[in-house]
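Naming: A, B, ... by sequence-line order, numbering from 1 per chain.
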There are 2 protein chains.
Amino acid sequence: MEKRNTKQKSLVRKIVRDLNTHACAEEIYNRVIKVNPRISLATVYRILHEMVDTNELREVANGSGATVFDPTVHPHYHIQCIKCNQLFDIDLPYHENLDKEIREKTSFSILSHDLTFKGVCARCTPKN
Amino acid sequence: MEKRNTKQKSLVRKIVRDLNTHACAEEIYNRVIKVNPRISLATVYRILHEMVDTNELREVANGSGATVFDPTVHPHYHIQCIKCNQLFDIDLPYHENLDKEIREKTSFSILSHDLTFKGVCARCTPKN
DNA sequence: ATTTATGCAAACTATTTGCATTGCC
DNA sequence: GGCAATGCAAATAGTTTGCATAAAT
């Protein structure tokens, strides 16, 4: 199962690297077809999944249906606005102690944890 | 918009109360139709959402497509097996300090956080 | 009697897949 | 040349919606 480099792959990789936020497959696809209008959505999905498998990209459930992709792959936390559903990275160190805390309480072998704060973002906060 | 009590609603409520785990809409529907085979899936969805709105039920994204419903509504954490995807409640007190920690770092108004541990459950751990 | 809730089928959204064809290595 | 990757369209999964009818208040 040798992997080949194609123009589609390099294009999607470039678009993903240039993302400064999270984006869903459709959004990435839209940026991609601005450069190469002949690439298909199925191909974009296939490449994104390959990147997730090789740890070039992270997949994050955004709670409301769609999956979003996060170009930041090292462990980090998220914060999501409960009004507009936008998801942001948050600058808080990964709390290893939480994993340790759980290891003593369960028969699971714990690998990691996902932490997402919920709140209302500045833009969605009514000003008066 | 007055709410009415129907046999469908009481049945779904009973089934949900008797759940001792998380279950997706389809699973709840399957239990429901064992008692009343004439109830439709759309109705089950409508009732489940109503229960989520009234805080009788919690909705949890299980990461892999389907949404699962959790009859435990007070704040609590989850642990999910990365092999079988099953989601369990976990017995760890809610860490209020995490919300506090974030409040100082962001322009969001923080309400709460979701914490899900990832690992391999006992059943999916190969024994030798 | 009024008006919400239901059942059904169709619509929809996000994603995946089969397959013939293209194009890397 | 051979086999992986692509494009397309169709299939799938989960969920939602429109509308005529049934049932709760």
Side-chain angles (χ1 to χ4, degrees), chain A residues 1-16 19 22-54 56-70 80 84-87, chain B residues 1-16 19 22-54 56-70 80 84-87:
Chain A
M1 303 229 169
E2 143 226 10
K3 292 289 171 199
R4 292 178 185 182
N5 279 326
T6 62
K7 335 181 209 179
Q8 289 88 339
K9 280 186 198 173
S10 1
L11 176 52
V12 173
R13 279 213 191 86
K14 178 174 173 11
I15 299 285
V16 166
L19 282 179
H22 304 95
C24 68
E26 193 89 33
E27 285 163 348
I28 294 170
Y29 171 71
N30 286 332
R31 287 166 193 244
V32 162
I33 57 171
K34 277 184 194 147
V35 182
N36 175 358
R38 318 203 39 172
I39 194 167
S40 85
L41 180 56
T43 297
V44 171
Y45 268 105
R46 280 185 280 231
I47 295 173
L48 291 174
H49 287 142
E50 193 182 314
M51 292 178 71
V52 169
D53 290 344
T54 58
E56 288 177 78
L57 192 58
R58 241 180 92 169
E59 217 172 352
V60 189
N62 97 333
S64 52
T67 299
V68 295
F69 294 91
D70 185 346
Q80 184 170 31
C84 67
N85 279 319
Q86 253 217 270
L87 195 72
Chain B
M1 303 228 167
E2 144 224 9
K3 291 289 169 197
R4 293 178 183 182
N5 279 326
T6 62
K7 334 181 211 177
Q8 289 88 337
K9 280 186 199 173
S10 1
L11 175 54
V12 173
R13 280 213 190 85
K14 177 173 174 9
I15 299 285
V16 166
L19 282 180
H22 305 94
C24 68
E26 193 88 33
E27 286 164 347
I28 293 170
Y29 171 71
N30 286 331
R31 287 167 193 243
V32 162
I33 57 172
K34 277 184 195 148
V35 182
N36 175 357
R38 318 203 40 172
I39 194 167
S40 87
L41 179 58
T43 297
V44 171
Y45 269 105
R46 281 186 281 232
I47 296 172
L48 291 174
H49 288 142
E50 193 182 314
M51 291 177 71
V52 169
D53 290 345
T54 59
E56 289 176 78
L57 192 59
R58 242 181 91 170
E59 218 171 352
V60 189
N62 97 333
S64 53
T67 298
V68 295
F69 294 91
D70 184 347
Q80 184 169 31
C84 67
N85 280 318
Q86 252 216 270
L87 195 73

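The CG atom of B:L11 sits 15 Å away from the C1' atom of C:dA5 (whole-angstrom rounding). Summarising the geometry, the separation between CZ on A:R38 and C1' on D:dA5 is reported as 15 Å, rounded to the nearest angstrom. For the pair A:N36 CG and D:dT6 P, the interatomic distance rounds to 11 Å; values are reported in whole Å. Straight-line distance from the CD1 atom of A:I47 to the P atom of C:dT16: 14 Å, rounded to whole Å. In this structure, A:L48 atom CG and C:dT16 atom P are separated by 10 Å, rounded to whole Å. Nucleotide C:dT13 holds its P atom 16 Å from the OH atom of A:Y29, rounded to whole Å.
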- For each nucleotide in nucleotides 20-25 of chain C, reading 5' to 3', give B when a protein heavy atom comes within less than 4.0 Å of its base, S when such contact involves only the sugar-phosphate, and - otherwise. ---BBS

- Base versus backbone protein contacts along nucleotides 10-20 of chain D [heavy-atom cut-off under 4.0 Å; B, S, -]: ----SBBBB--

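Closest heavy-atom contact between B:E56 and B:T54: OE2-OG1, 3.0 Å. Minimum heavy-atom separation, A:L41 to A:E26: CD2-OE1, 4.4 Å. Across all non-hydrogen atoms, the minimal contact from A:D70 to A:L57 is O-CD1, 3.5 Å. Closest approach of A:V16 and A:M51 over heavy atoms only: CG1-CE, 3.9 Å. Minimum heavy-atom separation, A:F69 to A:L48: CE1-CD1, 3.8 Å.
Side-chain nitrogen and oxygen atoms of B:T43 include at least one within less than 4.0 Å of the OP1 or OP2 phosphate oxygen of C:dG7.
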- Passes side-chain contact (heavy atoms from CB on, under 4.5 Å), A:K9 versus A:E50? Steps please. CA-CA 10 Å; A:K9 280 186 198 173; A:E50 193 182 314; 3.3 Å; yes

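By the neighbour-count criterion of 12 heavy atoms within 6.0 Å, atom CZ of A:R58 is densely surrounded, having more than that number from other residues, nucleotides or ligands.
Residues A:N5 and A:R13 have side chains in contact (heavy-atom distance under 4.5 Å, counting atoms from C-beta outward).
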